[in-house]
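Remarks on the structure that follows.
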Amino acid sequence: MAAALKNDLLLRALMRKPVERTPVWIMRQAGRYLPEYRELREKAGNFMNLCSNPELACEVTLQPLRRFSLDAAILFSDILTIPDAMGLGLYFETGEGPKFERPVRTERDINSLFVPDVSDSLGYVFDAVRLIRRELDGSVPLIGFAGSPWTVGTYMVEGGSSREFPIIKNLAAKNPALLEKLLDVVAETTTNYLNAQIDAGAQAVMIFDTWGAALPADEYRRFSLASMQTIMAGLQREKNGVTIPVILFTKGAGDLLSDMAATGCDALGVDWTTDLADARRLTGDKVALQGNLNPAILRESPEVIEQSVADVLASYGNGPGHVFNLGHGITPDINPDHLRVLVDAVHRLSPQYHQ
């Protein structure tokens with residue numbers, strides 16, 4: 001029997017229910033800016049050893065919660081575990097990021113793609129979720145996650161990280177139906193993957209669409225948003241009578257937030273290029289909003305960080321439906337003490353917006 005949740009601020013905020021203060025968690029809160037993470041990563045030997053060992057993934061997930069009064073844990077894993085389970089041969093080169101031994105580029109490659117049995121090929125992820133839930137003992141909720149099919153697809157087709165995405169954009173232009181076939185396989189696998197995380201104990205899930213804004217608006221709706229909508233339609237949205245909130249995040253979404261709000265998700269991540277007041281108007285308070293401090297602010301003085309936190313809170317304004325976060329992941333160069341300043345400022349300054 002799972003322990004009762006002692007701090008449900010995040011879940012209430014994601015459902016736009018009243019809270020006493022704005023909950024806060026940080027994208028990439030378990031990561032390289034923490035010396036204890038770097039030490040464990042060195043002992044593990046490589047990044048995938050951390051992800052694929054449930055005990056190590058649990059330890060990394062819990063590290064930031066020991067330092068900071070955060071309102072959620074997020075599963076430590078990687079968005080590319082799905083194509084790895086499809087047999088594409090994921091590996092990491094130091095200083096170069098993720099790469100695939102067998103990129104998916106031809107019609108034959110795409111026709112050969114299959115939906116793996118996630119319980120078999122990704123069982124280590126669900127073992128980690130169960131272990132993390134046990135160790136959290138109801139202190140805060142656990143967020144599960146996956147990458148959007150478009151974002152994951154860019155890595156599968158390009159063979160690794162890219163900024164211009166020439167190969168997948170050429171595929172979109174020359175054979176859009178073939179690209180959609182690839183995205184459909186990834187979407188089905190992702191739906192199964194997130195549902196298995198929920199079954200294992202994830203109490204909210206987030207879909208990260210890092211590269212959706214690299215597409216023009218009409219192609220974004222066709223190749224990125226449509227796939228996320230497919231996932232949304234197949235997700236388990238309730239477990240044991242409790243709602244499982246779903247957060248969508250497209251970096252650089254801007255005016256597309258209104259389209260995203262219409263998907264039926266519960267919350268949208270907002271990056272720092274869109275003011276939260278504008279995002280709230282665009283979405284008509286249909287969904288909660290998560291964000292959106294520029295991660296670069298954490299390099300500044302404590303005074304600047306506190307003022308920036310105050311500005312973000314004021315931008316969202318009064319009422320429920322705000323989860324404080326960065327507009328993207330925390331970077332490895334940040335002093336952990338600066339994150340403590342941010343978290344403490346949210347705790348101190350946010351109650352006035354919830355009276």
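Each residue takes its place number in the sequence, starting with 1. What's counted below: heavy atoms across the whole structure, side chains too, no hydrogens, waters or symmetry copies.
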Is any side-chain heavy atom of Ile330 closer than 4.5 Å to one of Pro295?
no

Ile74 versus Met27: any side-chain heavy-atom pair under 4.5 Å?
no

Cationic N near anionic O, under 4.0 Å, Arg237 to Asp266
yes

Okay, side chain of Asp84, backbone of Thr81: is any donor-acceptor separation there less than 3.5 Å?
no

For the CD atom on Glu101, are there more than 12 heavy atoms of other groups (residues, nucleotides or ligands in this structure) within a distance under 6.0 Å?
yes

Pick out which of Thr250, Asp209, Thr210 makes a side chain to side chain donor-acceptor pair (under 3.5 Å) with Thr151.
Asp209

Does a side chain donor of either Gln307 or Asp311 reach within less than 3.5 Å of an acceptor in the other side chain?
yes

Are any of the side-chain heavy atoms of Ile168 and Phe223 separated by less than 4.5 Å?
no

Distance check, rounded to the nearest 0.5 Å: Phe126 atom CZ versus Gln197 atom CD?
6.0 Å

Please report the shortest heavy-atom distance between Leu342 and Val309, naming the atom on each side.
CG-CG2, 4.0 Å

Please tell me whether Val125 and Met48 are part of a single hydrophobic cluster in this structure, the criterion being side-chain heavy atoms less than 4.5 Å apart.
yes

Can you tell me how far the SG atom of Cys265 sits from the NZ atom of Lys286, to the nearest 0.5 Å?
10.5 Å

Considering only NZ, NE, NH1 and NH2 on the basic side and carboxylate oxygens on the acidic side, decide whether Arg21 and Asp71 come within less than 4.0 Å.
yes

Can you measure from CG (Leu9) to CG (Leu70) and round to the nearest 0.5 angstrom?
12.0 Å

Should we say atom CD of Glu164 is surrounded by more than 12 heavy atoms from elsewhere, each under 6.0 Å from it?
no

Does the side chain of Met86 reach to within under 4.5 Å of the side chain of Phe100, using non-hydrogen atoms?
no

Would you call Asp218 and Arg221 a salt bridge, using N to O less than 4.0 angstrom?
no

To the nearest 0.5 angstrom, please state how far the CZ atom of Arg130 sits from the CG atom of Leu142.
12.0 Å

Identify the heavy atoms of Leu65 and Ala72 that sit nearest to each other, and give their distance.
CD2-O, 3.5 Å

Looking at CD1 of Ile247 and CD of Gln290, how far apart are the two atoms once the value is rounded to the nearest 0.5 Å?
4.5 Å

What distance do Thr283 atom OG1 and Leu276 atom CG have between them, rounded to the nearest 0.5 Å?
9.5 Å

Criterion ring-ring contact (aromatic ring centres under 6.0 Å, His included) on Phe208 and Phe145, from CA distance to verdict:
CA-CA 7 Å; Phe208 286 87; Phe145 75 93; 5.7 Å; yes

Using a cut-off of 6.0 Å, state whether more than 12 heavy atoms not belonging to Lys239 lie near its atom NZ.
yes

Output all residues satisfying side chain to side chain donor-acceptor pair (under 3.5 Å) with Ser350, sequence neighbours left out; order by chain, then residue number.
none

Give a yes or no answer on whether the side chain of Ser315 reaches the backbone of Ala277 with a donor-acceptor pair at less than 3.5 Å.
yes

May I ask you to decide whether Arg12 forms a salt bridge with Glu20, counting only side-chain N to carboxylate O separations under 4.0 Å?
yes

Does CZ in Arg348 sit with more than 12 non-hydrogen atoms of other residues, nucleotides or ligands closer than 6.0 Å?
yes

Are any side-chain N or O atoms of Glu158 and backbone N or O atoms of Ile167, one a donor and one an acceptor, separated by less than 3.5 Å?
yes

Main-chain N/O of His328 paired with Asp271 side-chain donor or acceptor, under 3.5 Å
no

Just by distance, no angles: are the side chains of Ser139 and Asp137 close enough, under 3.5 Å, to form a donor-acceptor pair?
no

Is the NZ atom of Lys174 crowded by more than 12 outside heavy atoms at less than 6.0 Å?
no

Pair Glu219 + Lys169: basic N to acidic O under 4.0 Å:
no

Taking the side chain as everything from C-beta on, heavy atoms only, tell me whether Leu194 gets closer than 4.5 Å to Ile207.
yes

Presence of salt bridge, Arg66 and Glu36, under 4.0 angstrom:
no

Minimum heavy-atom separation for Gly291 and Val312, please, with both atom names.
O-CG1, 3.8 Å

Could you tell me whether a side-chain N or O of His338 sits under 3.5 Å from a main-chain N or O of Glu300, the two making a donor and an acceptor?
yes

Tell me, please, which residues at least two apart from Ala30 pass side chain to side chain contact (heavy atoms under 4.5 Å, CB included).
Val60, Pro64, Phe76

With a 4.0 Å cut-off on N to O distance, would you call Glu39 and Lys43 a salt bridge?
yes

Quick one, Ile82 and Leu122 - any side-chain contact, counting heavy atoms below 4.5 Å?
yes

Going by heavy atoms in the side chains, are Trp150 and Leu179 under 4.5 Å from each other?
yes

Thinking salt bridges, do Asp337 and Arg340 make one under a 4.0 Å N-O criterion?
yes

Quick check: are there more than 12 heavy atoms from other residues, nucleotides or ligands sitting under 6.0 Å from CG of Asp255?
no

